Every structure is written in C-alpha cells, then in structure tokens.
Amino acid sequence: MATYNHKEIEPKWQKYWDEHQVFRAEVDPQKPKFYVLDMFPYPSGAGLHVGHPLGYIASDIVSRFKRNKGYNVLHPMGFDAFGLPAEQYAIQTGQHPAITTEQNIKRYKEQLKGIGLSYDWDKEVQTCDPKYYKWTQWIFEQLFKSWYNRDKQQAEPVETLTAIFKKEGNADVNAACDEGTPVFTAEEWKAMSEADKQQMLLKYRLTYPAYALVNWCPALGTVLANDEVKDGFSERGGHPVERKKMRQWMMRITAYADRLLDNLQKLDWSEAMKEMQTNWIGKSYGCELDFKVDSKDITLTCFTTRPDTVFGVTYMVIAPEHELVRELTTPDKKEEVEQYVKKASNRSERERMSEVKAISGVFTGSYVINPFTDEKVPLWVADYVLAGYGTGVVMAVPSSDDRDFRFARYYGLPIRRVIAGTEELEDPTVKKHGKMINSGFINSMESEEAVQAVIKYAEEHGIGRAKVNYKIRDAVFSRQRYWGEPVPVYYTDDGIPHLVPEDELPVELPPVDEYLPTETGDPPLGRAKDWKYKGKYPYELTTMPGWAGSSWYFLRYMDPHNEKALVSAEAVKYWNSVDLYIGGTEHATGHLLYSRFWNNFLYDRGYIFHDEPFQKLVNQGMIQGRSNTVYKLKDEHKFVSAGLKDQYDVIELHVDVNIVHNDKLDIEAFKKWRPEYADAEFVMENGEFKCGVLVEKMSKSKYNTVTPDAMIEKYGADNLRMYEMFLGPIELSKPWNTHGIDGVAKFLRKLWGLFHDEKGNFIVTDEPARAEEHKVLHKTIRKVEQDIENLSFNTSVSEFMICVNELSRLGCHKREILEKLLIVLSPFAPHISEELWSKLGHEKSIIFASYPEFNPEYIKEDEHEYPIMVNGKLRTKIKFPLTKNPKEIEAEVLENEVVRKWTDGKPPKKVIVVPKKIVNVVV
RNA sequence: GCCGAAGUGGCGGAAUUGGUAGACGCGCACGACUCAAAAUCGUGUUCCUUCGGGAGUGUGGGUUCGAUUCCCACCUUCGGUACCA
C-alpha cells in the first residue's frame with residue numbers, strides 16, 4: 001500500500017475485532033475492573049447523528065487506554081428502544097413500531113461499529129425485548145410490593161407494614177405515604193374488608209395509582225408530550241390542547257428525596273450537576289399555617305418558608321386547580337372565577353411560571369382569617385400559585401415576596417411592611433431579612449429568631465406545624481401510549497389492581513389494529529382483542545414511560561442473558577458501580593435521578609450491593625444542530641416567509657433541514673413531507689420562501705440531524721474520531737461544522753509518512769534513538785496520559801500533531817520511538833495504529849500492548865527562559881539556569897539594558913521573582 | 001421566570017495552582033516544486049499605529065506587582081423546567 005488508505009484499513013480491523021471478540025469482558029476477580037458507560041441511545045429513524053459520537057469516542061478512548069493500562073474493562077452498548085417517534089411513525093404508516101425500531105437499531109449498530117468503538121456487543125440490551133422488559137416489569141412489581149420506612153430510611157416489603165397494622169394500627173408508622181392517609185387502629189385494620197385493606201396499602205406502596213394532569217388534544221384524540229405542545233397548540237397540525245386529569249401510575253420518588261440529596265456528597269460529579277439535582281429536589285424548611293375561611297367551615301393550610309412575615313399577610317391566594325375553589329367562590333363572583341379557572345387550567349405550568357410580567361388573578365369573594373391577627377383578608381385565585389407545590393395555597397406578603405408585591409401593586413391590595421428598614425422603600429422586597437416591626441409578639445426579633453418563635457406559637461396553639469417541604473414530586477409513570485412496557489397489573493371487579501405473578505412475566509405487548517386511542521378515550525392497548533388476564537380480568541391499559549427501561553440498563557449490561565435474575569450477585573459484586581459515565585446535562589433531572597432512585601431501591605431490597613449507580617459522571621457538551629423553521633398562521637392553513645412573520649399571529653414549526661437550501665424552503669418537497677399541508681397557502685417574500693434559523697439540540701423531532709456516515713466514507717473513522725475530539729473540550733457545546741477536518745487528515749498522512757517513504761516502502765529502522773527523539777516521545781506520553789485522566793482530549797490531539805511534526809523534522813523512523821507512539825495513539829486512532837503495529841511485526845492486537853511508561857529523565861531541562869516584565873508589561877526575555885537563586889536573578893535583571901531603558905534609571909519599588917515562571921520589576 | 005453552563009483572532013480552540021494571551025488546526029496571503037493544476041513543503045497572519053509604541057479574552061466596575069483565571073453588577077447564547085430521549 002503506497003499511501004494511507006482508510007477504506008482498506010478500517011473495515012479490515014473492525015472485522016478482526018469482531019471476529020476475535022477482543023473487547024469481550026468477563027468477570028475476573030484476579031484483575032482490577034473498570035466500568036465505562038455511555039448514554040443509552042434512542043435509535044431514531046434519522047440514524048446516529050454526529051453529536052452522539054462525541055461522548056462515545058471520549059469514553060472509547062478511556063476504555064482502550066484503561067485496557068492498555070491492564071484493567072478489565074466493561075464497555076457495553078445497547079438501545080433505549082421504546083419511544084414516541086417510532087409510535088408516531090406507526091400511527092402514520094400502520095407499520096408496527098417493532099419493525100421500525102429493529103431497522104433503526106441495525107443502522108445504529110452499523111454506524112457505531114463503523115466508528116471503531118470498542119464495545120462488547122455480547123452485552124447488548126434492548127429495552128423493547130420481552131426478555132429485557134420482563135425485568136423492568138419485575139422491578140415495577142418489587143416497587144409495588146414495597147413501602148418506605150422513614151425511621152430506617154429504607155424500603156421494606158409490604159408484609160412488614162401489614163404486620164405493624166395488625167399489631168398497632170398506623171398511628172406510629174413513619175412512612176412515605178399519600179397526604180391525608182387516615183389514622184386507624186389495629187382493630188379497625190382487622191375489621192376492614194380485603195378490598196379496603198388493598199385500597200389503604202396503595203397509599204403506602206412505592207408505586208401507586210393517582211390522578212394527574214395530561215395534555216389532551218381532542219382533535220388528535222390523544223395525549224401529547226409537553227414536547228409536542230407549543231403555546232397551547234399541538235406541534236403536529238396546530239390543534240388546541242387542553243389539560244385533563246387522568247388516572248395514572250405514579251412512582252413515589254419523594255420517599256427517596258433525602259437520600260438522593262445526601263448521597264450526592266459521595267459522588268464524583270460536577271458541582272453544577274449536583275446543584276441542579278439539589279435544586280430540583282428543592283428541600284426547604286418552613287411550616288404549615290392554618291387559615292380559617294370566614295363564615296365557612298373550611299380551613300386552608302398554606303406552606304411558607306417565611307412564617308416570620310405572617311403579620312404582613314394582606315391577602316391569600318389559592319391555585320386555580322385547587323379542589324376547593326368552587327366552594328370558596330361567592331355566587332356573585334362565580335362566573336368570573338369559573339372563566340379564569342378555565343383559562344388558567346389550559347396554560348402549562350412552565351408558561352405560568354415564566355410569564356411573571358403578565359399578572360392575573362380574580363377575587364373569590366371569600367375572606368380568610370389570619371390566626372395571628374384575627375384580621376380578615378381577601379382570598380384570591382391566581383395562576384402564579386401552582387397546585388403541585390406545597391399545599392396550593394399561599395399566604396401573600398407583598399412587602400417581602402417579589403411576586404406577591406407585583407400582584408398587590410397591580411390590583412391595589414395593601415402592602416404592610418414588617419421588616420425594619422423597609423418603611424420608606426418604594427419596593428420593600430429588596431430587604432428581606434432584619435428586625436421585625438408591626439408584628440405583634442415577634443416585634444424586634446431578628447427574622448431567623450422570629451421564624452422559630454412563630455412556629456413554636458403555631459404548634460402550641462394548634463394552628464400550624466413545622467414542615468420540611470420538597471419541590472420534587474412523585475413521578476407520573478403511565479403513558480397513554482402503545483410503544484412501551486405493559487404495566488404488569490390486572491383489575492378485579494372491585495377495581496383493585498393486582499400484580500401478574502412473577503413467574504408469569506413478562507406481560508407481552510399485544511397486537512392492535514391501530515396505534516391510536518379507542519373511541520372511548522382509552523389508550524391504544526384498549527384495542528387489543530380479548531386482552532385479559534386469565535381471559536377474565538382486564539389489564540392495565542397504560543404503558544411505562546421511556547425512563548423505565550433506562551433506569552436500570554447499566555445493571556443488565558453486567559449479566560444480560562440471565563433468565564433467573566435481573567443480574568447475578570457475582571456479576572454485580574464484581575462490576576459494581578459505573579466508574580465513568582459520560583453524558584449530557586440534559587439528563588440531569590430526568591434519567592439521572594430516576595436511575596439513582598431505582599438503584600437505591602434495589603439496594604435496599606438486597607438485589608444489588610451498591611446504592612449509587614454512577615460513581616463518576618462527566619458531562620459532555622452537545623453538538624448542536626442548525627434547525628430551520630416555518631411560520632404558520634395560528635388560525636389558517638397558511639405559512640408566511642420568515643421576514644414577514646412579525647406582521648401575523650404565527651406559530652413556529654420545525655421543518656426538515658434536508659428540504660431547505662440556504663434557508664430557502666423547497667415548497668414542493670415540504671408538501672410531500674407533510675401531506676396535511678399539501679393544500680396549504682404560502683406567503684412569499686421577494687419570490688422565495690425563507691425559513692427561520694435556530695441553533696439547538698440535534699434531534700429527530702427538530703429535523704436537524706447530520707449523520708457521520710458521509711464523513712467516515714470520505715475521511716475515515718480515525719479521522720472522525722480525532723476531529724470530534726479536536727473540536728474542543730467535551731463539556732462544551734457547539735454547532736456542528738467540518739471546517740478543520742483537513743488538519744486531522746494531514747496529521748494521519750504525516751504519521752503514515754513516518755513509517756513509509758514516498759514509494760510506500762516500509763522504512764522503520766532498529767537504530768537506537770537520540771536524546772532529542774526520546775524527549776519528543778516522552779513529552780507526548782506525559783501530556784496524553786494527563787489529558788486522558790482529565791478527559792481533555794482536544795489538547796491530546798494537538799500534542800500528537802506537535803509530536804509527529806517534530807519527529808518528521810528530526811527524520812525519525814526508529815522502532816524504539818514509533819512503537820511506543822503507536823500505543824499512545826491507539827485509543828484515539830485505533831485502526832491506523834493496528835495497521836502500523838502489525839506492520840512492525842506484531843501478531844497480537846495493539847489492544848493487548850501495555851502502555852509505555854513515562855520517564856522524566858528524558859525531558860529534564862536545566863534552564864528556564866524568564867519573561868521580564870516592567871510594570872506588568874513584557875519587555876524582554878532572559879535565560880537563567882534553574883540553579884540560580886532569585887537574588888542573583890534580580891541583580892542580573894536590573895543590570896539588563898532593556899530593563900534599564902524601561903525603568904528609566906529609577907530604582908525599582910519592588911522586584912518579584914517567581915522561580916521557573918516570571919520576573920516583574922515595579923517602578 | 002426559575003435552575004445550570006458558556007462567551008478569547010476571520011473560524012474551532014490553547015493557556016495544569018493568579019505569572020509570556022492566541023499553542024495546535026482551519027482559513028487567508030505570499031513563495032518553492034510544476035507546462036499547469038492538485039497534492040506537498042516553506043514563510044507570514046489579534047487589532048490599531050505617526051513603526052516609538054498602544055489596545056486587547058462578552059459589557060461595566062473591583063482586588064492584585066501581575067487577572068482569560070478571583071469578587072460584584074449586567075448582556076447574549078445554549079441545556080433543563082416534571083409525557084422528547
């Protein structure tokens with residue numbers, strides 16, 4: 001082979017690795033283990049995009065490096081195969097999502113192998129495989145069979161709970177359970193019917209049914225993901241969406257709130273990531289206070305972290321979806337309140353929280369009594385209060401809370417200052433703590449002291465209690481969808497849910513005629529013919545969410561073919577937690593919390609032996625896509641060009657970047673792409689239809705994906721690998737571009753050139769290397785090894801370039817140097833390294849070579865060139881031997897003529913000599 | 001809005017603990033080789049400049065002999081915001 005040809009080399013070595021299963025990892029207690037995990041990809045129809053490999057290449061470099069360092073490396077890959085896009089495709093085409101998914105997985109695997117990633121494919125899992133989801137269902141069942149004992153801070157079997165009930169009732173049980181669970185005695189428990197007992201236990205189980213809000217789209221007859229809703233309309237078709245309560249399975253993740261928070265301390269994660277999870281869990285200390293409603297037999301309880309400001313309450317607010325709103329509205333306000341509630345209930349929480357400037361609310365006509373002042377204050381309903389946080393009722397203190405202040409000012413409600421120093425302020429909320437004023441018995445106390453005094457008073461008078469509140473909510477686990485794991489539950493006539501026995505799992509997904517809800521509004525599984533447990537009892541019709549299968553896949557990788565357990569004790573003891581997990585921050589509050597929750601739960605119940613799944617987590621940045629959008633009129637079947645969008649009331653919709661050229665839309669292709677728009681009208685701009693441009697996450701739903709296929713074809717996998725690493729630090733996000741790819745291509749050719757002459761003859765010699773050559777090599781060994789430990793791969797690539805440039809300049813073709821360089825390079829560019837390694841005469845793969853040891857002797861320096869600064873500005877440079885002491889250096893520097901010129905002969909005020917760094921002369 | 005991150009030449013980025021800002025690469029310009037082109041190699045390339053020098057790491061302040069790095073305020077972009085995965 002005369003020149004470097006990736007098309008010959010790369011398939012050859014990929015085939016070799018596959019056939020010899022060189023990446024196979026087996027439990028081997030004699031060897032140290034290292035578990036490197038990649039984010040579980042969803043096999044989208046658009047194929048693997050260039051953003052995926054960024055993390056995958058990085059983790060692959062670490063995996064290969066650790067193998068060379070003598071570790072037993074587990075580096076698996078699999079597919080998060082249930083999900084919305086395959087189902088959407090099924091709805092449109094009638095094709096079973098399993099078929100689409102299988103095709104997509106096949107494509108992904110080819111692409112992954114084409115990049116030369118060192119996965120042990122024997123460990124592959126797919127969440128949609130019944131052999132896999134059998135165990136997802138099994139975990140669901142264990143959660144159902146468990147309750148959370150707060151005294152012991154761990155999950156236990158429900159049997160231990162019923163034993164307590166039988167013995168002493170539930171009064172002293174400290175459990176994670178539903179709000180408002182009634183108190184009962186042992187006798188009352190024993191007297192309950194079996195059905196009543198089961199109903200009661202549902203309040204304690206770690207998974208339980210409840211009613212939760214969903215995005216219901218009547219026109220499409222289906223529930224939409226938040227992702228599919230934009231400004232209250234469906235992204236697909238632009239139909240109105242309303243919020244509706246539906247019965248759903250929930251996961252009691254709140255039981256684990258404290259442990260999920262506390263365990264963060266022992267994890268090697270970025271502070272940013274820990275902070276995001278901490279804030280999401282949102283633990284806050286405060287109290288509940290009870291406010292009686294005037295002339296009604298109702299008490300409203302609010303949660304507050306600032307009970308010290310209770311004397312400043314001038315009104316109360318209740319969330320529009322609060323169940324008591326109707327009852328609390330006086331007849332004269334009925335119409336107004338009902339209208340407001342209806343409007344507010346169709347706004348998403350995010351909208352309600354982000355539009356602080358649009359203040360809205362309605363007076364209910366009712367008054368509540370402040371238990372501390374006996375004062376009557378008006379009760380308002382306003383959408384800045386969310387039903388899901390705290391109690392859905394807020395005591396409004398406009399003088400210390402920003403939103404209360406804006407609201408009060410807008411509606412002309414009174415503002416009473418309760419903190420000294422705010423009396424004269426236009427906006428008193430700028431000072432939130434201090435000595436209390438206008439506050440009865442807490443006057444002149446400091447805020448912190450007053451908080452405790454109010455809580456104490458409230459508890460003594462039975463009008464409140466100290467309370468720890470969490471922002472995190474129990475997770476909705478049901479999806480009104482087809483393409484997900486069936487929930488292994490059936491119902492008896494009394495409506496009680498029962499588990500399908502473990503030995504009958506999995507409950508397989510039945511065939512349906514269409515992937516849409518039924519006429520009666522049941523999920524798609526309601527279409528399955530005669531789908532009943534034992535032919536008699538109806539099954540649960542919702543399916544599990546995407547995060548179910550991905551919350552434990554890292555455990556299954558350890559032992560994927562086990563039919564007796566989700567993972568064997570031997571495997572999980574050996575592989576333990578993940579040593580390095582590389583993935584994006586977009587999973588911070590979803591996948592990475594749910595996985596920790598399930599892992600902690602499985603640990604509690606003794607199925608695994610480590611509580612936290614991911615010891616070290618590194619956040620990879622995102623390769624962003626460049627999206628194009630079109631603007632559709634809200635109420636018409638008409639689109640307008642980007643430049644005209646401000647003149648109309650429009651919604652922005654994503655359009656496939658493949659049918660847009662230079663931001664101009666190919667209208668014919670667009671009509672074909674979305675048949676529902678075949679007869680739409682288009683308002684042009686100078687004869688063309690311009691699209692909007694966005695830089696954002698690469699994702700199929702945004703139609704902006706770019707695959708690595710073309711690049712691999714043209715430049716090769718080694719080139720792609722090094723180029724993606726060369727782009728910058730892996731934790732930074734940036735839009736995809738291929739501007740610098742030629743630089744890496746030149747590097748690979750130069751590397752090849754160290755081993756060959758122009759005619760392609762192999763020219764490596766056995767001559768001993770010179771000191772200079774050793775120095776170049778060892779500088780590289782040190783730098784690259786440090787970089788891999790710090791996951792700073794972009795600088796490694798630079799270092800390799802410098803090394804090869806230097807060796808070329810030195811005309812070095814020596815085995816002693818090149819052999820070691822290849823091992824160091826092989827994690828980055830494995831194919832070319834294998835090829836040259838075998839040309840050097842090795843019969844065993846470079847994967848089994850051991851990493852060269854860095855020798856500091858080779859890079860010793862005996863002098864340093866000091867930058868000489870005068871008043872912080874660089875003026876000259878002088879070389880000094882490292883043995884010279886700072887006093888001598890100072891003296892010589894002051895003698896220097898350049899320095900004398902800049903000091904203008906004046907004596908220096910100060911001379912700073914930092915050994916091995918810098919000299920600064922201050923005048 | 002709230003939570004988190006980022007911002008350095010024409011472009012991607014480097015600068016390990018507060019110590020030479022712009023490594024490495026792309027692009028561009030010029031040169032060599034060539035009938036020519038490609039490829040390759042070499043030189044230069046932050047900006048301004050009266051050629052002495054001056055300015056400069058999103059903006060405005062601060063700490064320091066010295067700040068891309070630490071502190072305060074702000075701007076812009078990206079990720080998440082509970083049914084995308």
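What you see is a predicted model; the values in this text were computed from it and never measured. Reckoned from all heavy atoms, side chains included, excluding hydrogens, waters and symmetry mates. Chain letters run A, B, ... following the sequence lines, proteins first, then strands; residues in each count from 1.
Between B/C11 and A/Lys734, no contact under 4.0 Å exists linking OP1 or OP2 to a side-chain N or O. For the OP1/OP2 pair of B/C83 and a distance below 4.0 Å, the side-chain nitrogens and oxygens of A/Arg481 include no atom meeting the criterion. Of the side-chain N and O atoms in A/Arg473, none sit less than 4.0 angstrom from OP1 or OP2 of B/A82. Close to B/G4, at under 4.0 Å from its OP1 or OP2, lies no side-chain N or O of A/Asn619. Contact between the side-chain N/O atoms of A/Arg749 and the OP1/OP2 oxygens of B/U40 is found at a separation under 4.0 Å. Put simply, A/Lys746 has a side-chain N or O that comes within less than 4.0 Å of OP1 or OP2 on B/C26. The side chain of A/Asn920 places no N or O atom within less than 4.0 Å of a non-bridging phosphate oxygen (OP1 or OP2) of B/G19. Side-chain nitrogen and oxygen atoms of A/Lys901 include at least one within less than 4.0 Å of the OP1 or OP2 phosphate oxygen of B/G53. Residue A/Lys873 places at least one side-chain N or O under 4.0 Å from the OP1 or OP2 atom of B/A55. Of the side-chain N and O atoms in A/Asn871, none sit less than 4.0 angstrom from OP1 or OP2 of B/G66.
With C1' as the reference atom, B/G54 and B/A38 are 44 Å apart, rounded to whole Å. For the C1' atom pair drawn from B/G27 and B/U64, the interatomic distance equals 39 Å after rounding to whole Å. Between B/C51 and B/G60, the two C1' atoms lie 33 Å apart (nearest whole Å). For B/U20 and B/C26, the P atoms lie 26 Å apart once the distance is rounded to whole Å. Across B/C71 and B/U63, the matching P atoms stand 15 Å from one another, rounded to whole Å.
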Test log, rule ring-ring contact (aromatic ring centres under 6.0 Å, His included), inputs A/Phe554 and A/Phe614: CA-CA 9 Å; A/Phe554 41 88; A/Phe614 315 123; 4.8 Å; yes

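Under 3.5 Å, the side chain of A/Lys697 and the base of B/C78 form no donor-acceptor pair of N or O atoms. Judged by atom type and distance alone, A/Asn279 does not reach the base of B/C3 through any side-chain donor-acceptor pair under 3.5 Å.
If you measure from atom CZ of A/Phe747 to atom P of B/C24, you get 15 Å, rounded to the nearest angstrom. Rounded to an integer number of Å, the gap from CE of A/Met250 to C1' of B/C83 is 12 Å.
B/G22 has its base anti relative to the sugar, with a glycosidic angle deviating from 0 by more than 90°. A glycosidic torsion no more than 90° from 0 defines the syn conformation, and B/G52 adopts it.
Between A/Val921 and A/Gln786, the one whose closest nucleotide on RNA chain B sits nearer the 5' end is A/Gln786.
Summarising the base pairing, B/A37 is matched to no nucleotide, lacking a Watson-Crick or G-U wobble pair whose two defining distances lie under 3.5 Å.
Checking each of A/Glu652, A/Lys702, A/His654 against A/Thr629 for a side chain to side chain donor-acceptor pair (under 3.5 Å) leaves exactly one that passes, namely A/Glu652.
Ring geometry for A/Phe82 against A/Tyr133 counts as tilted: the plane angle lies between 30° and 60°, on a 0 to 90° scale.
Base contact: A/Val223 has a heavy atom under 4.0 Å from a base atom.
Within the model, atoms CZ of A/Phe79 and OH of A/Tyr132 stand 13.0 Å from one another, a figure rounded to the nearest 0.5 Å.
Note on A/Glu228 versus A/Arg481: salt bridge recorded, some NZ/NE/NH1/NH2 to OD/OE distance being below 4.0 Å.
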